[in-house]
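Here is the structure we will look at.
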Amino acid sequence: MPDHAPETDLLDLAYPYALDALAEPERAAVEERVRTADPAAAAAFRDSVREIRETLAALTVVDAHPAPDHVEASVQAALDRQLAAATPVGRTWPIRWLAAAAVLIIAIGIGAFVAVDRTRQGEAGAVTAQRILAESDAREIRTPVSGGGDIVVTTSARLDAAAVSFDAVPAAPLRHTYQLWLIPEGGQPLSAGVLDPLPAPDDPTVVPLDDAALLALSVEPAGGSPQPTTDPLVAVPLD
């Protein structure tokens, strides 16, 4: 990975990592840094990446509108400043991140900002994994995943939510990610989140169940898909 200041916050790297704006050596270096970081910093990084990926997946169902002129101009100005400040070698990841952000904002338009705002509003009153695990009706379901490892789903009917983690499941293939799906009885799969990286047993992710019948996991292209493109690796009954 190109050199960066030692004080660079690990959270700053979550954005280019989630947008797949890093070369493979840089991505590997970020993953190693997360592996050796203190648990709180590593958990914050994983949460940020997860939220960014989930927002990107949600944006696939947001109608695109032309971005206002000032949005495109602001992004381009920021990119120009970064390019002017960069040295000929090193510190290349911020440039790729800004470029990726510019493409994303300009392509999706103002709908992106609406979706992000709605996501943050929804998170404000979110049920925590700790609360699910502590509920008197909590029920743990451990199921093998095709390819290795287990998915661990702890449900609470009272909260209509689940805490989901993975144990010894290998990383997704290059340029791909894992994605969770809620499948209602007789209905179409609905995205329940893009998982990059997978939530560990000590840091489960929360999934509102919305009375779904199954929780499934599939491998999707980086950034997620509006509908599954592969057969599920596992499907967990929720009733």
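Since this is a predicted model, take the numbers as computed values, not measurements. The first residue in the sequence is number 1, and the count goes up from there.
Proximity of a side-chain donor or acceptor of Asp160 to a complementary backbone N or O of Asp210 within less than 3.5 Å is detected. Side-chain atoms of Gln179 come within 3.5 Å of backbone atoms of Ser225 as a donor-acceptor pair (strictly under, hydrogens ignored).
Connection of Trp181 to Leu195 is not established within any shared hydrophobic cluster, with ILVMFWY side chains joined at heavy-atom distances below 4.5 Å, either directly or through further cluster members. Hydrophobic clustering (side-chain heavy atoms under 4.5 Å, transitive across Ile, Leu, Val, Met, Phe, Trp, Tyr) keeps Leu214 apart from Leu180. Leu190 and Leu238 end up in different hydrophobic clusters when Ile, Leu, Val, Met, Phe, Trp and Tyr side chains are linked at under 4.5 Å. Cluster annotation: Leu233 is not connected to Ile183 through the hydrophobic network of ILVMFWY side chains, with a link wherever side-chain heavy atoms come within less than 4.5 Å. If you chain together hydrophobic residues whose side chains sit under 4.5 Å apart, Val152 and Val236 never meet in one group.
When all heavy atoms are compared, the tightest approach of Val153 to Ala162 is CG1-CB, 3.8 Å. Nearest heavy-atom pair across Gly147 and Pro170 is O-CG, 3.8 Å. Of all heavy-atom pairs spanning Ala157 and Asp137, the tightest one is N-OD2, 3.0 Å. Pairing each heavy atom of Ala161 with each of Ile132, the nearest pair is CB-CD1, 3.8 Å. Between Ala163 and Leu133, the shortest heavy-atom distance links the atoms CB-CD2, 4.4 Å. Residues Ala41 and Ala37 approach most closely at CB-CB, 4.3 Å, considering heavy atoms.
Remark: Leu217 CG to Leu198 CG distance equals 7.0 Å, nearest 0.5 Å. Between the OG1 atom of Thr154 and the CZ atom of Arg142 there is a distance of 9.5 Å, given to the nearest 0.5 Å. Atoms CD1 and CG, from Ile141 and Asp150 in turn, are 13.0 Å apart once rounded to the nearest 0.5 Å.
Within the 4.5 Å cutoff, no side-chain heavy atoms of Arg175 are placed close to those of Pro221. In this structure, the side chains of Arg46 and Pro199 stay at 4.5 Å or more apart for every pair of heavy atoms.
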Give the C-alpha distance, both sets of side-chain angles, the deciding distance and a yes or no for side chain to side chain donor-acceptor pair (under 3.5 Å) between Ser136 and Arg158.
CA-CA 9 Å; Ser136 59; Arg158 182 179 291 113; 3.2 Å; yes
Begin from the C-alpha positions of Val219 and Tyr178 and carry the test side chain to side chain contact (heavy atoms under 4.5 Å, CB included) through to its verdict.
CA-CA 5 Å; Val219 175; Tyr178 289 112; 3.7 Å; yes
Stepwise, does the side chain to side chain contact (heavy atoms under 4.5 Å, CB included) test hold for Phe45 with Tyr17?
CA-CA 10 Å; Phe45 176 88; Tyr17 184 92; 3.9 Å; yes
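Looking at residues two or more places apart in sequence or on another chain, you find a salt bridge (Lys or Arg N to Asp or Glu O under 4.0 Å) between Arg35 and Glu32. The side chain to side chain donor-acceptor pair (under 3.5 Å) check on Asp38 picks up nothing, with sequence neighbours excluded.
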